[in-house]
Enquirer: 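Quick one: the structure is below, questions incoming.
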Number of protein chains: 4
Amino acid sequence: MNEKKQLLLNAALKLFVEKGFHGTSTSEIAKTAGVATGTLFHHFKTKQELINSLYLYTKEQLLIAITIDYQDSEQFKSNLKRLWLNFTHFGIEKSDMYQFIIIFHSSPYITSLTKEQAETRFDDLLTFYRKGIENQEIKTVKDEMMVEFFLGTIFSTVNYFTKHPERLNEKNMNLSFELFWDGISK
Amino acid sequence: MNEKKQLLLNAALKLFVEKGFHGTSTSEIAKTAGVATGTLFHHFKTKQELINSLYLYTKEQLLIAITIDYQDSEQFKSNLKRLWLNFTHFGIEKSDMYQFIIIFHSSPYITSLTKEQAETRFDDLLTFYRKGIENQEIKTVKDEMMVEFFLGTIFSTVNYFTKHPERLNEKNMNLSFELFWDGISK
Amino acid sequence: MNEKKQLLLNAALKLFVEKGFHGTSTSEIAKTAGVATGTLFHHFKTKQELINSLYLYTKEQLLIAITIDYQDSEQFKSNLKRLWLNFTHFGIEKSDMYQFIIIFHSSPYITSLTKEQAETRFDDLLTFYRKGIENQEIKTVKDEMMVEFFLGTIFSTVNYFTKHPERLNEKNMNLSFELFWDGISK
Amino acid sequence: MNEKKQLLLNAALKLFVEKGFHGTSTSEIAKTAGVATGTLFHHFKTKQELINSLYLYTKEQLLIAITIDYQDSEQFKSNLKRLWLNFTHFGIEKSDMYQFIIIFHSSPYITSLTKEQAETRFDDLLTFYRKGIENQEIKTVKDEMMVEFFLGTIFSTVNYFTKHPERLNEKNMNLSFELFWDGISK
DNA sequence: TATGAATGAGTGTTCATTCAT
DNA sequence: GATGAATGAACACTCATTCAT
């Protein structure tokens with residue numbers, strides 16, 4: 001990707017999270033990126049196109065982060081834990097991207113086409129869960145409820161360790177995962 | 001409260017949730033409320049004062065909703081469940097207020113003074129949890145993590161039933177609570 | 001005059017001089033006067049009517065101040081000096097009224113009708129001068145130039161003693177008058 | 001200077017003199033200058049910055065006008081007369097700039113920093129006068145009083161010839177100067 | 001007579017977007 | 001591709017004025 005385009009995406013990510021879509025002006029994005037205002041509109045036709053690009057970009061980064069070390073051979077719990085931990089660490093370490101996804105997931109600025117493009121790549125998650133349910137390791141609950149619970153506990157954990165970064169260690173992280181696992185396991 | 005002031009709060013609540021703070025113009029709020037733009041500024045000195053008033057108002061409504069039938073005499077689990085269910089029902093039924101609190105909880109438009117005013121009334125939650133922990137019914141985990149997990153599972157559940165309202169019934173709601181309870185209990 | 005009406009005139013005088021006509025809001029005038037906004041509009045149909053009333057009022061006060069001890073019997077110079085000193089003292093002591101007259105003398109907010117009403121009472125000044133000229137005590141210069149010179153030197157003197165109030169004494173005041181008198185006398 | 005910036009200064013000068021600072025809207029200035037409202041704020045951050053720029057600009061023009069043909073070699077009276085006449089002609093011919101300086105000299109819209117910047121260049125006036133006083137050609141009166149008298153008689157003269165332009169000729173102008181000179185000379 | 005809530009046109013200023021260079 | 005001056009619609013907020021009490 002063009003260097004200035006990447007600078008613009010980085011600046012926009014930071015500012016959109018901090019001040020929202022309408023709270024951030026294109027001139028401020030350009031200034032933060034260190035380019036002229038006109039340059040922004042060379043790379044993105046409109047402000048909306050910029051935020052949609054950003055949405056696809058951050059979702060892609062999330063997908064990479066959570067599937068980087070996926071190993072189908074493993075046990076269900078290990079595999080799930082790996083996924084959960086990767087997601088949670090992404091939330092803590094790539095705070096801006098994680099926040100961005102949460103805030104703009106259900107915002108009107110992201111077109112449904114963009115959401116669709118981003119979502120298709122996440123469908124494997126459900127498939128994966130279904131296997132676990134069929135294997136009877138976890139409770140018989142609707143797929144969608146499971147996904148929500150999965151996300152909700154990650155949300156809790158990210159929030160907790162963001163507010164108390166000094167408590168972030170393997171032991172506490174495992175404790176947090178156990179809250180989730182004991183909730184869903186039979 | 002003055003009738004027009006209440007109309008303005010209602011309109012602002014709906015619009016801020018739908019389109020964000022900067023995405024909602026004061027003239028739109030006034031029009032939605034059915035009053036003149038000047039009237040908004042007669043009751044609230046600035047747009048910021050309006051959203052701060054709204055924050056205090058919604059937090060107050062939440063507090064009323066979750067503590068309405070509190071009974072100290074009950075068992076820890078029943079009491080916790082009652083709280084969890086009240087909160088979750090508030091999230092589903094008073095969707096706008098619930099969303100508003102979530103969205104603007106960590107927004108820069110709400111002043112720290114306002115947050116402080118609102119938060120003091122929620123301190124009992126922690127006190128309540130501490131009793132349960134001391135009674136050894138639930139896992140030994142930091143207070144703050146417990147609160148986050150409590151809120152995270154409510155978040156999951158509200159999201160789920162909002163997306164699938166046809167599945168909202170006592171049985172499914174109990175199932176959701178069990179995900180939470182089995183997570184935290186020893 | 002009604003007490004609240006007088007309070008409003010006083011407040012308006014002070015504020016109009018300080019911040020100008022458009023720079024002063026009717027609500028600020030009312031607040032400074034200690035009355036409700038509606039009350040202002042009970043006594044003055046519009047803001048313009050208020051400033052026109054104020055113009056007539058201040059001009060009247062000026063006229064009273066400069067003619068209070070007029071004595072036709074005196075010599076021309078004594079009489080002129082008396083007038084000049086009264087005017088100058090008015091400018092120093094009733095600073096707000098003096099400033100108001102200067103600022104709004106040629107402003108579009110004062111209607112020509114108002115100016116006419118105020119001016120008719122000042123016509124004696126010219127008559128008075130004509131006598132002096134005929135008596136050959138002072139230079140043969142157009143009436144209107146004389147009036148301007150008269151006002152200009154008062155303007156100088158008021159400015160000077162307003163900036164340096166500690167220098168205000170009879171000797172210095174006489175020196176200032178001599179600048180004027182030596183200028184016009186033959 | 002940028003062409004549109006100059007157009008804006010010209011329009012603002014005319015309108016501020018005519019209708020005052022608050023009486024003139026930025027949109028009217030832009031329209032009069034023939035540019036878009038946004039353009040005004042592209043060149044001047046605020047309306048205040050515009051009027052401050054204007055103040056520096058008009059003072060600079062005045063300084064140029066009154067010192068253009070200064071010749072130290074001349075006699076005190078000739079030199080003073082030249083200065084007095086230049087100033088007076090500036091007042092009559094550059095009426096808007098002259099009026100602007102008078103009106104906004106003591107207005108709260110001009111910051112003290114701006115006044116300071118403008119004033120430093122006028123200090124030579126006083127130095128010049130001191131020489132005359134030391135040479136005993138004119139009365140022993142405080143510097144500051146002399147300056148005020150100087151300005152006051154210019155004020156008179158400008159007013160007179162502005163109201164009676166048909167009387168403007170060398171003879172009458174010399175008569176006016178004599179009023180001033182006979183006032184200050186021994 | 002006095003009040004102050006209500007009005008809506010108008011204000012200073014911002015901002016996404018365009019376009020000539 | 002990159003720039004930044006220029007645009008004008010839209011924004012938060014103000015204000016003279018009205019009117020029911």
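Residue numbering restarts at 1 for every chain, and letters A, B, ... go by the order of the sequence lines. Values below: all heavy atoms of this structure, side chains included; hydrogens, waters and symmetry mates excluded.
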Enquirer: Expressed as a whole number of angstroms, how long is the span from Ile29(B):CD1 to dA10(F):P?
Expert: 17 Å

Enquirer: Can you tell me how far the OG1 atom of Thr58(C) sits from the CZ atom of Phe16(C), to the nearest 0.5 Å?
Expert: 11.5 Å

Enquirer: Given that both distances must come in under 3.5 Å, which nucleotide forms a Watson-Crick or G-U wobble pair with dA5(E)?
Expert: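 dT18(F) is the nucleotide pairing with dA5(E).
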
Enquirer: Decide whether a cation-pi geometry holds between Lys94(B) and Phe100(B); the criteria are a distance under 6.0 Å from NZ or CZ to the six-membered ring centre and an angle within 45° of the ring axis.
Expert: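 No, Lys94(B) does not sit over the ring of Phe100(B).
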
Enquirer: Would you indicate, yes or no, if dC15(F) has its OP1 or OP2 atom less than 4.0 angstrom from a side-chain nitrogen or oxygen of Thr26(C)?
Expert: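 The answer is no; no side-chain N or O of Thr26(C) sits under 4.0 Å from OP1 or OP2.
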
Enquirer: I want to confirm an ordering. Mapping Gln48(A) and Leu40(B) to their closest nucleotides on DNA chain E, which one lands closer to the 5' end?
Expert: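 Comparing both residues, the 5'-ward one is Leu40(B).
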
Enquirer: Taking the side chain from Asn52(A) and the backbone from Tyr109(A), do they hold a donor-acceptor pair closer than 3.5 Å?
Expert: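 It does hold such a pair.
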
Enquirer: Return the value, rounded to whole Å, for the distance between atom NZ of Lys31(C) and atom C1' of dG4(E).
Expert: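 Spelled out: NZ on Lys31(C) to C1' on dG4(E) is 13 Å.
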
Enquirer: So, does Lys47(B) use its side chain to make a donor-acceptor pair with the main chain of Thr24(B) at under 3.5 Å?
Expert: yes

Enquirer: From dT13(E), dA16(E), dG4(F), pick the nucleotide closest to the side chain of Lys47(D)?
Expert: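 From the listed options, dT13(E) comes nearest.
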
Enquirer: Identify, between Ser27(C) and Gly23(B), the residue whose nearest nucleotide on DNA chain F lies closer to the 5' end.
Expert: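 Looking at the nearest nucleotide for each, Gly23(B) comes out on the 5' side.
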
Enquirer: Please pick, from dG1(F), dT7(F), dA2(E), the nucleotide with the shortest atom-to-atom distance to any side-chain atom of Ala36(D).
Expert: dT7(F)

Enquirer: What contact category does His43(B) fall into here, base, sugar-phosphate, or nothing, at under 4.0 angstrom with non-hydrogen atoms?
Expert: sugar-phosphate

Enquirer: Just checking, Lys115(C) and Tyr55(C): is the charged tip under 6.0 Å from the six-membered ring centre and within 45° of the axis?
Expert: no

Enquirer: Measure the spacing between CG of Leu54(A) and CG of Asn10(A) and express it to the nearest 0.5 Å.
Expert: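 So the gap between those two atoms works out to 8.5 Å.
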
Enquirer: By nearest nucleotide on DNA chain E, pick out whichever of Thr46(D) and Lys4(B) is the more 5' one.
Expert: Lys4(B)

Enquirer: When you get a sec, tell me which of dC15(F), dA16(E), dG4(F) is the closest nucleotide to the side chain of Ser25(A)?
Expert: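 It is dA16(E).
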
Enquirer: Expressed in angstrom and rounded to an integer, what is the separation of Phe41(C) atom CZ from dA16(F) atom P?
Expert: 7 Å

Enquirer: Please report, rounded to the nearest Å, how far the P atom of dG4(F) is from the CG atom of Asn2(D).
Expert: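 For the pair Asn2(D) CG and dG4(F) P, the rounded distance is 15 Å.
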
Enquirer: Figure out the CD1/P separation between Ile51(D) and dT11(E), and round it to whole Å.
Expert: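 About 17 Å, once rounded to whole Å.
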
Enquirer: Could you tell me how far apart Leu7(C) (CG) and dT3(E) (P) are, to the nearest whole angstrom?
Expert: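 Going from CG in Leu7(C) over to P in dT3(E) covers 11 Å.
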
Enquirer: Between Lys45(D) (NZ) and dA5(F) (P), how many Å, whole number?
Expert: 14 Å

Enquirer: Output yes when at least one side-chain N/O atom of His42(C) is less than 4.0 Å from OP1 or OP2 of dA2(E), else no.
Expert: no

Enquirer: So, does the side chain of Thr37(D) form a donor-acceptor pair with the base of dA9(F) at under 3.5 Å?
Expert: yes

Enquirer: Among dA16(F), dT17(E), dT3(E), find the nucleotide with the atom closest to the side chain of Thr39(C).
Expert: dT3(E)

Enquirer: Atom CD of Glu49(B) to atom P of dT14(F): distance rounded to whole Å?
Expert: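 Atom-to-atom, Glu49(B) to dT14(F), this comes out as 11 Å.
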
Enquirer: With both distances under 3.5 angstrom, what nucleotide forms a Watson-Crick or G-U wobble pair with dT11(E)?
Expert: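 Check on dT11(E): paired to dA12(F), both distances under 3.5 Å.
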
Enquirer: Toward the 5' end of DNA chain F, which comes first, His22(B) or Gly34(D), by nearest nucleotide?
Expert: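 Counting from the 5' end, the first nearest nucleotide belongs to Gly34(D).
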
